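Here the structure is a predicted model, which means the values were calculated and not measured. Remember, it's 1-based here, ligands and their atoms both numbered in the order they're listed.
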Amino acid sequence: MAPVATSGRQSEIDALRAAAAKYDRVDDHVPVGTKYDVLEDYQGSYRFAPIEEAQVSRAMIKRYFTNMYERAISDVVIVGAGSAGLSCAYHLASRRPELKITIIEASVAPGGGAWLGGQLMTAMVIRKPADRFLREIGVEYEDEGPFVVVKHAALFTSTLLSKVLALPNVVLMNATAVEDLIIHSDFEGKQRVAGVVTNWTLVALNHDTQSCMDPNTITAPVIISATGHDGPMGAFSAKRLVSAGLLKELGNMRGLDMNRAEPAIVNGTREVTPGLILTGMELSEHDGSNRMGPTFGAMIGSGIKAAEEAVRILDT
Ligand code: 48N
């Protein structure tokens, strides 16, 4: 039998219940065009529209978990929102608006290694012909002949990220890690990647501190993995192919050679096992191709190639 609340506590409970009833009405049926007594004033009289804390919570919860529910089945999942993953997402989502494209990014901040050029310097070098993509997304650069220079890598990455997020068919789930692949056998017994296994990144990084923090799943006919070559989870899918017995061993990224590395990554971008395309520097770990260091044209080209590969698979 619950203890009877004191009169003071009861009135608090009644007030919360009344507010909850009001929020439900407000959350779901705020009359469009309601005028609020607001004032953008910087002389000391700034006034905001009224808010209840539950409205903020519900505004976030409703949207995030609706996305999560709807994207449990996606058309394409892109793992990793670095320069290759984001270039791929932009090219694919802008050309195929009917596709449900879901990006899973382990870091809170998407962008991977493209916030800086090399050795923490800010300018970003992009070799021609990848400069065409900069014109497509509207990033200014200085032309230096065989290559162009974006004054700050963050200008490229933030512009690309904003363009990707503005596309209605893209959902980005950052701070979320892919911690395994869904691998099915088809009717011929051939194994194919059919989705990803996800968890909050902070959970994925703490499985040895807590047991049984089971993951979630997203199924899709095409997975594009762009998890890079370094970082806490670099080359994730390539490594998982080895441990799952779908790849004998990693090729392991070779030494730096810009002229060999960039065409090898773009031309080598492909479906490495049924249902899984590798792009960007993760591919160098899979194939054993050279690294290119602080030049990003191949990330753009490889991302675009991965998008084209995904279309080829989906359209067959
Ligand atoms: O920027 P990265 O690391 O990877 P790419 O391939 O998009 O770009 C690579 C590029 O920045 C270079 O490395 C340059 C060209 N240097 C080359 C060289 O020779 O040194 O982005 C990978 C993204 C990151 O944001 C990670 O947080 C994320 O992938 N990620 C994951 N996201 C979800 N689940 C995972 N398991 C996971 N692993 C990595």
Side-chain angles (χ1 to χ4, degrees), residues 77-90 102-121 124-127 130 147 153-154 156-157 160-161 164 172-181 195-205 207 215-216 218 223-241 243 252-262 264-266 268-269 276-307:
V77 172
I78 296 174
V79 188
S83 45
L86 289 173
S87 302
C88 175
Y90 178 80
T102 304
I103 307 172
I104 306 293
E105 166 53 52
S107 301
V108 168
W115 291 110
L116 292 166
Q119 196 167 320
L120 304 187
M121 291 179 278
M124 175 184 259
V125 172
I126 289 172
R127 291 164 66 194
F147 61 89
F156 166 72
T157 302
L160 177 54
L161 189 54
V164 166
L172 166 67
M173 295 181 178
N174 45 328
T176 304
V178 164
E179 50 180 29
D180 206 343
L181 298 172
V196 292
V197 176
T198 60
N199 220 325
W200 311 128
T201 303
L202 292 180
V203 170
L205 295 176
H207 281 304
N216 192 15
I218 299 178
I223 308 302
I224 300 171
S225 193
T227 62
H229 65 93
D230 61 359
M233 298 179 183
F236 175 81
S237 300
K239 291 173 186 167
R240 187 56 178 129
L241 290 181
S243 60
N252 295 318
M253 181 177 75
R254 287 182 165 70
L256 195 145
D257 179 335
M258 288 186 183
N259 283 304
R260 286 169 63 96
E262 292 217 273
I265 292 286
V266 178
T269 297
L276 177 68
I277 297 166
L278 291 188
T279 179
M281 287 310 285
E282 179 167 11
L283 186 68
S284 70
E285 295 286 13
H286 178 278
D287 288 356
S289 43
N290 295 91
R291 65 186 303 181
M292 71 291 287
T295 169
F296 289 78
M299 299 304 103
I300 294 170
S302 176
I304 291 172
K305 173 88 184 290

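No side-chain heavy atom of Arg254 sits under 4.5 Å from any side-chain heavy atom of Arg260. At least one side-chain heavy atom of Asn252 sits under 4.5 Å from a side-chain heavy atom of Glu285. Considering only heavy atoms from C-beta on, Leu160 stays 4.5 Å or farther from Ile300 through its side chain. Within the 4.5 Å cutoff, the side chain of Pro110 has heavy atoms near those of the Leu172 side chain.
For ligand 1, the protein residues within 4.0 angstrom (heavy atoms only) are Val79, Gly80, Gly82, Ser83, Ala84, Ile104, Glu105, Ala106, Ser107, Gly112, Gly113, Thr176, Ala177, Val178, Ala226, Thr227, Gly228, His229, Met233, Phe236, Gly280, Met281, Arg291, Met292, Gly293, Thr295, Phe296, Met299.
Side chains of Ser243 and Arg240: a donor on one and an acceptor on the other come within 3.5 Å. Looking at Thr198 and Thr176, their side chains never bring a donor and an acceptor atom within 3.5 Å of each other.
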